[in-house]
Amino acid sequence: MVNISESIKYVGVNDKTIDLFEGQYVVPNGVSYNSYVIIDNKIAVLDTVDKRKTAEWLDLLEKTLNGRKPDYLVISHMEPDHSASVNEFMKKYPSTVAVGNEKTFNIAERFFPGVLKNKLVVKDGEELNLGSHTLKFVFAPMVHWPEVMFAYETSEKVLFSADAFGKFGALDCDEDWACEARRYYFNIVGKYGSTVQSVLKKAAALDIAKICPLHGPVLTENLEYYIGKYNVWSSYLPEDKGVTIAYASIYGDTKEAAELLAATLEKKGEKVALFDLARCDMAEAVEDAFRYDRLVLASITYDGGIMPVMEDFINHLKIKNYQNRKVAFIENGSWAPMSGKLMRACFENMKNITIAETVVTVKSAVDAQAENQLKALAAELTK
C-alpha cells in the first residue's frame with residue numbers, strides 16, 4: 001500500500017508486459033495505470049485500471065479497503081486504460097455510486113450498457129463531501145476526451161488530474177520525468193493545446209500541493225516546474241533551442257546529406273536531434289520536433305512524391321497542430337527532384353511557420369554543389 005497521505009491511498013498497478021500503448025506508442029519501460037482511494041466517512045475510489053490488470057487491482061483495492069465498501073467510484077476519464085475495470089468493480093461492489101458528468105455516462109453506456117445503475121451526475125465546479133474531505137470537480141473537456149474532469153480535494157489540496165501530467169513508464173523504472181512526459185503529451189494530448197491552456201487557467205485558481213495523474217508518478221515537489229512545462233507545451237512554443245533533423249533515405253545519399261548538416265550544426269554549437277524516420281520511434285521524432293525551435297526535413301522523391309514515411313511524419317505534425325517553428329528542406333531526386341516543393345506545401349497552412357530560404361537539392365548523390373548548399377543552410381539556421 002502506498003500512501004499519498006494518511007487518508008489518500010495509491011492503488012494503481014504497473015504494466016510491464018505491454019508493448020504498444022494505444023496500439024502505436026512504444027513503451028520500453030511499460031506504463032502505470034493509476035487509481036486512488038480516499039478513506040473517510042464515505043469512501044471514494046478514483047478511477048479503475050486497464051483490463052490487463054483488473055484482477056491485480058481489485059486484490060490491492062480490497063486490501064486497502066480493509067473490510068469496508070466503497071461509497072463512490074469517481075470516473076474522471078472513460079478511455080479503456082482507465083475505465084475497463086468498471087464492470088468487474090461493479091460486480092464486486094454493486095452498491096457503489098458512480099460519479100461522473102453527463103458525457104461520462106453517455107460514453108459509459110456504449111462500453112458497458114446497463115452496468116452503472118447508481119449514478120451521481122455532477123456539473124463543473126460542484127462538490128462531493130466525504131466527511132473531512134471534499135472533492136471539487138473541475139471539467140477538462142478535450143484533455144483529451146470530451147468527458148474528462150479533474151477532481152480537487154480541498155482539505156489536502158490534491159489535484160487528481162486525469163491524463164494531464166501523466167507520462168509513459170512503470171513507476172519502478174528510474175527515468176527522467178520530462179522526456180517521457182513530453183513524448184506522452186505531444187503524441188496523445190498535443191492536438192488540444194488550447195483546451196489545456198483553458199484548464200491550466202482553472203488550475204491556477206486552486207492551491208495545489210500534490211498532483212495525482214492517471215499515468216506516472218505522483219508529483220509532490222516543485223509543482224511550478226511541471227505546470228510550467230505544460231504551459232510551454234500547450235502554447236506550442238519551443239521548449240529549447242535546437243534543430244531536429246528527420247530524414248527518409250533509401251540508398252543512403254539523403255541520409256549522408258542529413259548527417260553532414262547535423263555535423264556542421266554541431267560544430268557551430270547547436271543541439272541536434274537526428275532521426276531516420278524508417279527506423280526510429282516516430283513518437284520520439286514528433287516529441288523533438290515540438291521540443292526544438294527549428295526543423296529540417298530531408299526526403300527523396302518517391303513515385304513523384306514524398307517518401308511515405310516522411311509523409312506520415314508530416315501528417316503527425318499537422319494533426320498535432322505544429323506551429324511557431326522554422327522549417328527547412330533537403331530534397332533528393334535523380335531526374336526530377338520534387339520532394340522539397342511538396343514538403344513545403346504541407347506546411348503552408350500551418351500556423352506561424354517560417355520557411356528557410358535555402359533549399360538543398362541532392363541529385364542522386366551528395367556532390368560539391370550540395371555540400372555548399374548544406375553549408376549555406378547551416379549558416380541560415382544559425383544566423
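The shown structure was predicted, so the numbers you read here are calculated from the model rather than taken from an experiment.
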Enumerate donor-acceptor pairs with a distance under 3.5 Å from any side-chain N or O in residues 364-371 to protein atoms, sequence neighbours excluded.
from : atom 1 : to   : atom 2 : distance (Å)
S364 : OG     : S334 : OG     : 2.8
D367 : OD1    : Q369 : N      : 3.2
D367 : OD1    : A370 : N      : 2.9

Exercise. List in chain and number order the residues that pass side chain to side chain donor-acceptor pair (under 3.5 Å) with S5, two or more places apart in sequence or in another chain; answer none if no residue qualifies.
Key: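 Per chain and number, S5 pairs via side chain to side chain donor-acceptor pair (under 3.5 Å) with E156.
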Quiz item: Considering residues at least two apart in sequence or located in another chain, which fulfil the side chain to side chain donor-acceptor pair (under 3.5 Å) criterion with W145?
Solution: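 W145 satisfies side chain to side chain donor-acceptor pair (under 3.5 Å) with no other residue.
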Mind listing the side-chain donor-acceptor pairs of residues 303-318 below 3.5 Å, one per line with the distance, residues two or more places apart or on another chain?
from : atom 1 : to   : atom 2 : distance (Å)
D312 : OD1    : H316 : ND1    : 3.4
H316 : ND1    : D312 : O      : 2.9

Under 3.5 Å donor-acceptor pairs involving side-chain atoms of residues 268-275, not counting sequence neighbours:
from : atom 1 : to   : atom 2 : distance (Å)
E270 : OE1    : R294 : NH1    : 3.3
E270 : OE1    : R294 : NH2    : 2.8
E270 : OE2    : R294 : NH1    : 3.2

Side-chain donor/acceptor pairs under 3.5 Å, residues 19-33, sequence neighbours excluded:
from : atom 1 : to   : atom 2 : distance (Å)
Y25  : OH     : N187 : O      : 2.8
N29  : ND2    : E175 : OE1    : 2.8
S32  : OG     : N34  : OD1    : 3.1
S32  : OG     : G216 : N      : 2.8
Y33  : OH     : D15  : OD2    : 2.7

Quiz prompt | Hydrophobic cluster partners of I319 (side-chain heavy atoms under 4.5 Å) | solution =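 Members besides I319: none; it forms no cluster.
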Quiz item: Taking atom types as modelled and ignoring hydrogens, do the side chains of S35 and D47 form a donor-acceptor contact shorter than 3.5 angstrom?
Solution: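 Not at all, the side chains of S35 and D47 share no donor-acceptor pair under 3.5 Å.
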[X]: partners by salt bridge (charged side-chain N to carboxylate O under 4.0 Å, His left out), with sequence neighbours left out:
| X | answer |
| --- | --- |
| K326 | E380 |
| D59 | none |
| E256 | none |

Please table the atom pairs, donor to acceptor, closer than 3.5 Å between any side-chain atom in residues 347-354 and protein atoms at least two apart or in another chain.
from : atom 1 : to   : atom 2 : distance (Å)
N352 : ND2    : N324 : OD1    : 2.7

Side-chain donor-acceptor pairs under 3.5 Å in residues 281-289, sequence neighbours left out?
from : atom 1 : to   : atom 2 : distance (Å)
D281 : OD1    : A283 : N      : 3.1
D281 : OD2    : R183 : NH1    : 3.0
E287 : OE2    : R182 : NH1    : 3.0

Self-check item: Salt bridge flag under 4.0 Å for residues K53 and E56
Solution: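 The answer is yes: the pair qualifies as a salt bridge.
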